[in-house]
Amino acid sequence: MNDTHRTYDVVVIGAGPVGENVADRTRAAGLSTVIVESELLGGECSYWACEPSKALLRPVLSRADALRVPGLRRAVDRPLDVEAVLAHRDDIVQHWQDDDQVEWLESVSVDLVRGHGRLDGPRQVVVSTPDGETVRLSARHAVAVCTGTGPAMPDLPGLDDVRPWTNREVTSADRVPGRLAVVGGGVVAVEMATAWRALGAQVTMLVRGSGLIPRMEPFAGEMVADALREAGVDLRFGASVTSVTREGGADGEVRVTLADGGQLTADEILFATGRAPRTVGIGLETIGLAPGDWLTVDDTCRVSAVTDGWLYAVGDVNHRALLTHQGKYQARIAGAAIGARAHGEPVDDSKWGAHVATADNEAVPQVIFTDPEVAAVGLTTREAERTGRRVKVVDYDIGGVAGAFQYAKGYRGKARMLVDLDRGTVAGVTFVGPGVAELLHSATIAVTTEAPVERLWHAVPAFPTISEVWLRLMETYRG
Ligand SMILES: Cc1cc2nc3c(=O)[nH]c(=O)nc-3n(C[C@H](O)[C@H](O)[C@H](O)COP(=O)(O)OP(=O)(O)OC[C@H]3O[C@@H](n4cnc5c(N)ncnc54)[C@H](O)[C@@H]3O)c2cc1C
Ligand SMILES: NC(=O)c1ccc[n+]([C@@H]2O[C@H](COP(=O)([O-])OP(=O)(O)OC[C@H]3O[C@@H](n4cnc5c(N)ncnc54)[C@H](O)[C@@H]3O)[C@@H](O)[C@H]2O)c1
């Protein structure tokens, strides 16, 4: 067994979208960088999360949009071509091969070590490679942990024997299950229920709480719930799963028992019950941290509990915002901070400074690709109440905007803007409706720049676009 030792300025563990971006930024800062990856370069997002899920949803949402356009309905009112949708998904995930990502990594001069990485004391990383070798890596300046998350599964006896679906199976399945039970009412649950229902599965959602996508404004969850029901999804609230078994061998059906004694049978069961950090088995105990915990960081993404400031945790694993775009933003910030510290340059950690991920605290955008789409940034009404921000809540029915009449017959949508009454700025925006995803960045710019609402009055939306909802929100606010 070979044991090699190399020294770099920066060692990155995990080559998901976030680790790749940290490495890119530290290289751009002139630091030698190596990245360690145990599976595929591109991470969960590229192969079993964002990319395949959106590839499945794109035809579903396009068809739903087309069905609402007079003159198109007859042309598209037929089932989706399942084979073509799954083939498109396979192309988008590059057939679960990472050759293109390897090529890109080479083009930015970042070294790659394939294998499982773990910390082994301060600034030291040990990699066990697939062919049984050990590679020891020392970092002169920083180690960045970018190991992401895996599915958080409930503690149900015998669950493994049932072969439950997680995000991996639900995004990579090569056939449509006849009956799919979905446990959870969060983002993965609503998106995947939307996709697989449209692809032909009978979908039953088992939701523990009383509403869907609970981190969003309640009207968003209500509108998505109505639409899922209209699409034929059996939506059950207050449904807690107490046991799951698979009857009659590997191909047998799944039997689910609920806390109220109710029962359900399905062909597959998806657990979309949140995420757990991949921090077990990465040597955290060798530097005095607890395996299995999220890694708490400061705004430069430096792990707060580690002395000397050499350890960074970026992306999902720090639990600031479990979103690819936000993790990549943190990566740009952390990469710049690592560079500045390594070169002895000043670190700008003032609010919105070059080396702090301020947007994580103020303006996290998210689009949920259901029909209707949900797009939100900044505060919700509940968060404003919780944090004691004085806000005016301004609502508008998007269906009343000329651009919406053009977009779809019988357009149903709602917008909410929160105006911070002390600052005179927009603190949060939520749009729900077909085609609102691309509207979100306008709201993100408004929240991030803290543009005065009085100035936004002069930002004129083009006629007839759905963006005219901004004008209506402003008019409603001004009275
Ligand atoms: C079904 C689903 C859909 C989603 N859709 C969206 C979406 O539309 N938009 C969005 O913004 N977000 C979406 N997300 C969230 C998004 O996937 C994550 O925020 C994103 O993947 C986080 O990136 P990351 O690089 O931090 O972690 P990951 O993508 O999880 O990457 C971590 C990498 O580290 C590697 N690794 C872990 N441990 C080790 C180790 N010890 N040694 C070496 N390598 C290791 C892993 O193999 C992996 O490649 C979705 C999530 C799910 C589950
Ligand atoms: N379009 C997007 O931006 C997108 C899409 C998918 C996922 N994501 C990200 O991925 C992350 C993970 O998504 P998710 O849907 O897995 O998590 P989530 O936190 O959004 O939802 C998890 C749901 O599962 C429920 N739950 C938890 N434990 C349960 C149990 N034992 N029994 C029944 N219900 C239980 C919770 O109450 C919650 O409603 C999210 O934070 C999201 O940001 C983003």
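Note: hydrogens, waters and symmetry copies are ignored here, and every other heavy atom, side chains too, is used. First listed ligand is number 1; within each ligand, the first listed atom is number 1.
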**Item:** Taking atom 4 (C) of ligand 2 as the reference point, the nearest protein heavy atom with its distance
**Value:** Val187 CG1, 3.4 Å

**Message:** Can a side-chain donor-acceptor contact be found between Thr149 and Arg275 if the only test is distance below 3.5 angstrom?
**Reply:** yes

**Prompt:** Considering only the protein, which heavy-atom contact is closest to atom 37 (O) of ligand 2, and what is its distance?
**Reply:** Arg208 NH2, 3.4 Å

**Request:** Check if Gly115 has a non-hydrogen atom at a distance under 4.0 Å from any atom of ligand 1.
**Result:** yes

**Message:** Regarding ligand 1, does Val314 bring an N or O atom to under 3.5 Å of one of the ligand's N or O atoms?
**Reply:** no

**NZ/NE/NH1/NH2 to OD/OE distance under 4.0 Å, Arg163 and Glu169** = no

**Request:** Please could you name the atoms of ligand 1 that Ser38 approaches to less than 4.0 Å, counting only its heavy atoms?
**Result:** 36 (N), 39 (C), 43 (C), 44 (N), 45 (C), 47 (O)

**Asked** Would you call the rings of Trp470 and Phe431 parallel, tilted or perpendicular, where under 30° means parallel and over 60° means perpendicular?
**Response** perpendicular

**Prompt:** At what distance is the nearest protein heavy atom to atom 15 (O) of ligand 2, and which residue and atom is it?
**Reply:** Val188 N, 2.9 Å

**Complete:** Contact region, Asn167 to ligand 1, non-hydrogen atoms below 4.0 Å, reads side chain

**Asked** How close does the nearest protein non-hydrogen atom get to atom 12 (C) of ligand 2, and which residue and atom is it?
**Response** Arg275 CG, 3.4 Å

**Request:** Tell me, please: is Pro17 in heavy-atom contact with ligand 1, that is, under 4.0 Å?
**Result:** yes

**Asked** Which option, Gln366, Glu191, Glu37, owns the non-hydrogen atom nearest atom 47 (O) of ligand 1?
**Response** Glu37

**Prompt:** Cys45 heavy atoms, cut-off 4.0 Å: which ligand 1 atoms fall inside?
**Reply:** 17 (O), 21 (O), 29 (O)

**Request:** Indicate yes or no: does an N/O atom of Val367 lie under 3.5 Å from an N/O atom of ligand 2?
**Result:** yes

**Asked** Below 3.5 angstrom, do we get any N/O pair linking Glu44 and ligand 1?
**Response** yes

**Message:** Would Ile368 count as a polar contact of ligand 2, with the cut-off being nitrogen or oxygen pairs under 3.5 Å?
**Reply:** no

**Asked** Which of the atoms of ligand 1 are close to Lys54, meaning less than 4.0 Å from one of its heavy atoms?
**Response** 5 (N), 6 (C), 7 (C), 8 (O)

**Request:** Would you indicate whether the side-chain heavy atoms of Trp196 and Pro177 approach each other to under 4.5 Å?
**Result:** yes

**Asked** Is it the side chain (CB and beyond), the backbone, both or neither of Ser53 that lies under 4.0 Å from ligand 1, heavy atoms counted?
**Response** side chain

**Prompt:** In terms of side-chain geometry, is the basic nitrogen of Glu51 or Arg89 positioned less than 4.0 Å from the acidic oxygen of its partner?
**Reply:** no

**Item:** Nearest neighbour of atom 42 (C) of ligand 2 from the list Thr273, Thr370, Leu322, Asn167, on a heavy-atom basis
**Value:** Leu322

**Request:** Compare Gly186, Ala152, Ser240 and give the one whose heavy atom is closest to atom 38 (C) of ligand 2.
**Result:** Gly186

**Item:** Pick from Gly274, Pro154, Gly211: the one approaching atom 31 (N) of ligand 2 most closely through a non-hydrogen atom
**Value:** Pro154

